[in-house]
Number of protein chains: 2
Amino acid sequence: MGNQQEKDALFEALVEAAKALGNGRRAQLIDILGQGERSVEELAAEIHQSMANTSQHLQRLLRAGIVYSRRSGTRIYYSLASPAVERLWRALREAAEAHSGELGDLVRAYVGNRADLSMITRDELLLWLRQGDVVVLDVRPQAEYEAGHIPGALSVPFSDVKSRLREVPQGSEIVAYCRGPYCLYADEAVRLLTDEGRLATRLEDGFPEWKAAGLPIEQSATVRNAPPRP
Amino acid sequence: MGNQQEKDALFEALVEAAKALGNGRRAQLIDILGQGERSVEELAAEIHQSMANTSQHLQRLLRAGIVYSRRSGTRIYYSLASPAVERLWRALREAAEAHSGELGDLVRAYVGNRADLSMITRDELLLWLRQGDVVVLDVRPQAEYEAGHIPGALSVPFSDVKSRLREVPQGSEIVAYCRGPYCLYADEAVRLLTDEGRLATRLEDGFPEWKAAGLPIEQSATVRNAPPRP
DNA sequence: AGGCTTGTCAAGAGAACTCTTGAATAGGAG
DNA sequence: CTCCTATTCAAGAGTTCTCTTGACAAGCCT
């Protein structure tokens, strides 16, 4: 019958993934990779860390089997290793949200007051889409839109919203979405649009949740093609 | 718009639960608490650690909002804080198993060879139960049986299986279950019963998975009653 | 080849984690 | 009240983690 040493070793291995997730920087990386694959350079810029440090965090994730990497020319692209990882990240957020009053304070500190913001759920958006006359705006960076987006959504990266206002049809209800509940791109887009007199609303969560719910997604023709994995 | 410092703080908080899970000892505690609440002393014995050390690990879990504790006389009982934690623990195991180079070896080292073992899934057991003529044996410690078990199961703790053989009806198919796929109690019970000429099979996973699947459960009248939580 | 860009490696300072030991505390029993 | 039990607290040694810095490697371009 199995002894304690072997049991310890087994649990220590089971827990490798948790250790890898157990760091704020790496969690941000996972959150970003949930949108699609990215190069080390892009990731380093997103989390405001040096390349060397970002690279080291990514290798920790790689060793834990949480991400996958492939080389393309002089760049190396990382992506989440499997849907099991997305589920793990979601379960972690849900467990954190279920407790800890402190978390609420931190969310408020980061996202600010959302009371003025019109927000709808995924189900409500689906209803609206069936009824037509909704414009869906993907306000994430272009690369993330290309890696996958809600069918029919227009790509208007957050930074371009103001200058590309005229491209958005008048008269229709506008729904903006981004990376998820902790992402502020859609918040700001909705505020900008509302200030311009448009009817704008944000989707409560983001693209990963849409995809996780099994809803249809669309990819750009120009998406960077990843070769099949070994 | 939220700045990086606030974002870092938010993710650092989100990740508290992962840090708490990111330790083999604490993972074993979670695994045991998945069966029901236990005192510090019992937990310390299960993981073969000192009381002081076990207590410290438990407080780490408490601070992370992963477990809940209540005092009863001179004892303190710990239990999982919510179903979200059970889901998190399951998601972690699934993510670890999805990649698993090394993990498979460690499982084999701990559980040994299961090729000789007759095993059935939850669905098969449900089918058998509907057809009748199955005896279900809960071979976990008595306390865990009392905290919740498969309806109609008999409590025969692993250590008593040999001496209480006569209590198990002859002629019927016997299905033994315990804590989960990494628990060896049911393995040994099945081997013992098979050696005695009985028709014995183990349930592939354990009680927590049964409960998580939303199947009915039963509690002993003598279960330690936890007061409603604040 | 040589230079450029993108990533990784290696070493080290400071912080956090883990386990041990011995003392302190809270509740129950006599 | 005193003793006993179950648990927590506090301090410390050894280990692991995190970030920085500067060197190294791999693939492009000319």
Side-chain angles (χ1 to χ4, degrees), chain A residues 4-5 8-9 11-13 15-30 32-33 37-64 66-79 143 224 227, chain B residues 4-5 8-9 11-13 15-30 32-33 37-64 66-79 143 224 227:
Chain A
Q4 188 64 24
Q5 263 186 26
D8 284 353
F11 274 80
E12 205 59 58
V15 126
E16 262 315 302
K19 279 187 179 163
L21 272 182
N23 173 281
R25 296 276 145 66
R26 291 195 291 269
Q28 289 185 53
L29 291 172
I30 299 294
I32 297 162
L33 291 176
E37 72 168 10
R38 309 295 289 273
S39 69
V40 180
E41 193 178 28
E42 292 173 306
L43 290 167
E46 286 271 7
I47 67 170
H48 297 97
Q49 292 291 304
S50 68
M51 287 264 292
N53 194 21
T54 305
S55 174
Q56 278 172 156
H57 280 306
L58 286 166
Q59 305 212 17
R60 188 90 150 69
L61 292 169
L62 196 59
R63 260 177 282 134
I66 284 187
V67 303
Y68 163 85
S69 78
R70 71 184 179 91
R71 174 155 226 145
S72 169
T74 169
R75 283 207 172 75
I76 293 180
Y77 291 100
Y78 282 86
S79 51
R224 300 184 281 229
Chain B
Q4 188 64 24
Q5 263 185 26
D8 284 354
F11 274 81
E12 206 56 60
V15 125
E16 263 315 301
K19 278 188 180 162
L21 271 181
N23 172 281
R25 296 276 143 67
R26 290 196 290 269
Q28 289 185 54
L29 290 173
I30 298 295
I32 297 162
L33 290 176
E37 70 168 11
R38 308 296 288 271
S39 69
V40 180
E41 192 178 28
E42 292 173 307
L43 291 167
E46 286 272 6
I47 67 170
H48 298 96
Q49 292 291 303
S50 69
M51 287 264 294
N53 194 23
T54 306
S55 174
Q56 277 171 156
H57 280 307
L58 286 166
Q59 306 211 18
R60 189 89 153 69
L61 292 170
L62 196 59
R63 260 177 282 133
I66 284 187
V67 302
Y68 163 86
S69 78
R70 71 181 180 92
R71 174 154 227 145
S72 171
T74 169
R75 283 204 173 77
I76 293 180
Y77 291 100
Y78 282 86
S79 51
R224 300 184 280 231

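The chains referred to below are lettered A, B, ... by the order of the sequence lines, with proteins before strands, and numbering in each begins at 1. The structure displayed is predicted, hence computed values, not measured ones.
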Listed partners of [X] passing side chain to side chain donor-acceptor pair (under 3.5 Å), at least two apart:
{"X": "A/Q5", "result": "none"}
{"X": "B/E12", "result": "B/K19"}
{"X": "A/R25", "result": "B/D8"}
{"X": "B/E46", "result": "B/R179"}

Tell me whether the side-chain N/O atoms of [X] come closer than 4.0 Å to OP1 or OP2 in [N].
{"X": "A/N23", "N": "D/dT18", "result": "yes"}
{"X": "A/Y78", "N": "C/dT8", "result": "yes"}
{"X": "A/R26", "N": "D/dT18", "result": "yes"}
{"X": "B/Q59", "N": "D/dT7", "result": "no"}

Length of the line joining [X]:[atom1] and [N]:[atom2], which is rounded to integer Å:
{"X": "A/E42", "N": "C/dT5", "atom1": "CD", "atom2": "P", "answer": "17 Å"}
{"X": "A/H57", "N": "C/dG7", "atom1": "NE2", "atom2": "P", "answer": "16 Å"}
{"X": "B/Q56", "N": "D/dT8", "atom1": "CD", "atom2": "C1'", "answer": "8 Å"}

Between the first and last five pairs of the helix from C/dA1-D/dT30 to C/dG30-D/dC1, the angle of the axes, rounded to 10 degrees: 20°
Exercise: identify the closest heavy-atom pair between B/L21 and A/V15: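 Heavy-atom minimum between the residues: O-CG2, 3.0 Å.
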Results of side chain to side chain contact (heavy atoms under 4.5 Å, CB included) for [X] - residues two or more places apart only:
{"X": "B/R71", "answer": "B/I76"}
{"X": "B/T74", "answer": "none"}
{"X": "A/A52", "answer": "A/S50"}
{"X": "A/Q56", "answer": "A/N53"}

Dump every N/O contact between nucleotides 1-3 of chain C and the protein below 3.5 Å, one line per pair.
none

Selected nucleotide, minimal atom distance to B/M51 side chain, candidates C/dC19, D/dT8, C/dT20: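 Between C/dC19, D/dT8, C/dT20, the one nearest the side chain of B/M51 would be D/dT8.
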For nucleotides 22-28 of chain D, give me every protein contact, N/O to N/O, under 3.5 Å, one pair per line with atom names.
none

Closest-nucleotide 5' rank along DNA chain C - winner of A/R75 and B/Q49: A/R75
Hey, what are the protein-to-nucleotides 12-16 of chain C N/O distances that come in under 3.5 Å?
none

